Amino acid sequence: APGFLVGVTAPSADDVWAVGGTDWFSPQTLAEHWNGQSWTPVATPSLADGGFFNSIAATSADNAWAVGGIGPGPGVGTANVPLIEHWNGQSWSLAQYPAPAGGQLRAVAATSASNAWAVGWIGSGPATRTLIEHWNGTRWRQIASHAPGGFGTLQGIAATGPDNAWAVGYTQSGPGGSYQSLTLHWNGYRWSVVPSPNPTGQTDLIAVAAASPQDAWAVGYTNPNVCSNGGPQCGTAAFHWNGSSWAAVPSANPPAGYLNAFEDVVIISADNVWAVGTTDWASTLIEHWNGSTWGWHLPR
């Protein structure tokens, strides 16, 4: 089918959702469902200004949230308006939520019908700021991130329960400034910044996974400004949370022209973690954590 898929969730073996958009430049939202036997497109609300999904999370067959942006597609690069839609077991519908002008939601996580988080950014250009929204079972509301002032975005979210969630991204002194890794933690009452490594001086965190309050991984890539200008110094970044602090963990970097980057991570157990991404936006990248080291895997 035409389009792109960038988010997936699986409450069970016969209940899997994949979401994205119908076109990279001028899309409508796209949702496909696996019922254990086949994939089927499922209708989503038509948006007058177009739109796309970036992420999806589901807790049951009748509770799923998809987030993204309203407006031109990712290939256009202009500011959008954040988008949230809900699946109730029968149909997708637009959610009511605080929708500031500009920006979009990049990731969503849910642990129950009364606890979901969506993160991204609001504004554009130098006015870009972190955005966090929370679903309490009744309504969405914007929650203060307490991130440092200045340019910043959130790109990943993970939650294990009502009192433990992580959001990750980066901050800059301004567009073109150095990227500083950003990790925020929710303790059940408020979000707060937790110090995170920045081993090469610049880090962009893209995704986070959490298994428990004592075990989380955040991944992305290093030296974003350099590789965006064609330099050869961009590499994978993997940080581990042990319950008290984040630590940078060396990860593999296959031969590349200018870029190795992680785009997502999943935790199966303490000694079984997978991170995926790209080499030069031309080759797939898969790495595995076995409890002591990250290893690069060649897809068959």
Side-chain angles (χ1 to χ4, degrees), residues 6-10 55 106-107 109 119 154-161 164-171 178-185 193-228 231-300:
V6 292
V8 64
T9 188
S55 179
R106 285 298 303 270
V119 300
L154 293 171
Q155 303 182 97
I157 179 77
T160 63
N164 183 53
W166 288 99
V168 303
Y170 69 92
T171 61
S178 62
Y179 287 59
Q180 303 296 308
S181 62
L182 175 62
T183 56
L184 304 176
H185 183 254
V193 176
V194 178
S196 54
N198 203 23
T200 65
Q202 292 200 66
T203 306
D204 183 357
L205 293 176
I206 305 294
V208 61
S212 72
Q214 292 77 40
D215 186 17
W217 285 93
V219 300
Y221 65 113
T222 62
N223 297 333
N225 278 341
V226 177
C227 63
S228 65
Q233 298 102 329
C234 293
T236 55
F239 300 164
H240 183 249
W241 172 259
N242 64 3
S244 59
S245 63
W246 287 99
V249 180
S251 49
N253 281 282
Y258 65 98
L259 168 70
N260 283 302
F262 287 141
E263 292 289 315
D264 210 351
V265 61
V266 61
I267 301 172
I268 301 170
S269 64
D271 58 1
N272 191 11
V273 181
W274 291 94
V276 299
T278 183
T279 297
D280 295 338
W281 298 110
S283 301
T284 56
L285 176 61
I286 302 174
E287 296 194 21
H288 182 252
W289 171 258
N290 63 7
S292 58
T293 60
W294 283 98
W296 168 42
H297 284 242
L298 276 172
R300 291 184 180 275

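Being a predicted model, the structure only gives us computed values, none of them experimental.
Nearest approach of Ala237 to Ser251, heavy atoms of both residues: N-OG, 4.2 Å. Scanning all heavy atoms of the two residues, the minimum distance from Phe262 to Ala238 falls at CE1-CB, 4.3 Å. Shown here for Arg106 and Leu154, the closest heavy-atom pair between the two residues is CB-O, 3.9 Å. Nearest heavy atoms, Pro197 versus Thr203: O-OG1, 4.4 Å. For Gly156 against Val208, the heavy-atom pair with the smallest separation is C-CG1, 3.8 Å. When all heavy atoms of His288 and Asn272 are compared, the pair lying nearest together is NE2-OD1, 2.7 Å.
For Tyr221, there are no ring-ring contact (aromatic ring centres under 6.0 Å, His included) partners, not counting sequence neighbours. In this structure, the side chain to side chain contact (heavy atoms under 4.5 Å, CB included) partners of Ser178, at least two apart in sequence or on a different chain, are Gln180, Gln202. Thr293 meets the side chain to side chain contact (heavy atoms under 4.5 Å, CB included) test with Asn290; sequence neighbours excluded. In terms of the side chain to side chain contact (heavy atoms under 4.5 Å, CB included) criterion, residue partners of Val6 (sequence neighbours excluded) are, by chain and number, Phe4. For Tyr170, the ring-ring contact (aromatic ring centres under 6.0 Å, His included) test picks out Tyr179, with sequence neighbours left out. In terms of the side chain to side chain contact (heavy atoms under 4.5 Å, CB included) criterion, residue partners of Ala216 (sequence neighbours excluded) are, by chain and number, Trp166, Ala210, Trp241, Trp246.
A distance-only check finds no donor-acceptor pair linking the side chain of Thr160 to the backbone of Ala211 [under 3.5 Å]. Side-chain N or O atoms of Asn242 include one that pairs as donor or acceptor with a backbone N or O of Ser245 at under 3.5 Å. In this structure a side-chain-to-backbone donor-acceptor pair under 3.5 Å is missing from Asp204 to Pro224. Put simply, the side chain of Thr236 gets close to the backbone of Ala252: a donor and an acceptor are under 3.5 Å apart.
Separation of atoms CH2 (Trp296) and CD1 (Ile286) is listed at 11.5 Å; rounding is to 0.5 Å. In this structure, Ile206 CD1 and Asp264 CG are separated by 10.0 Å, a value rounded to the nearest 0.5 Å. If you take OG on Ser212 and CG on Asn164, they are separated by 7.5 Å, rounding to the nearest 0.5 Å.
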Verdict with supporting geometry, Thr278 and Thr284, side-chain contact (heavy atoms from CB on, under 4.5 Å): CA-CA 5 Å; Thr278 183; Thr284 56; over 6 Å; no

Working for side-chain contact (heavy atoms from CB on, under 4.5 Å), residues Asp215 and Ile267: CA-CA 9 Å; Asp215 186 17; Ile267 301 172; 4.1 Å; yes

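For Asn260 and Thr279, the side-chain atoms include at least one donor-acceptor pair closer than 3.5 Å. For Asn198 and Thr200, the side-chain atoms include no donor-acceptor pair closer than 3.5 Å. Ser181 and Ser196 share a side-chain donor-acceptor pair at under 3.5 Å.
By the 30° and 60° cut-offs, the orientation of the rings of Trp294 relative to Trp217 is perpendicular.
Contact annotation: the side chain of Thr183 never approaches that of His185 to less than 4.5 Å [non-hydrogen atoms, C-beta and beyond]. Residues Trp274 and Ile268 meet the side-chain proximity criterion, which asks for heavy atoms closer than 4.5 Å. Under the 4.5 Å side-chain criterion, counting only non-hydrogen atoms from C-beta, Glu287 is not in contact with Val276. Inter-residue side-chain proximity for Val219 and Glu263 is flagged as unmet; no heavy-atom pair is nearer than 4.5 Å.
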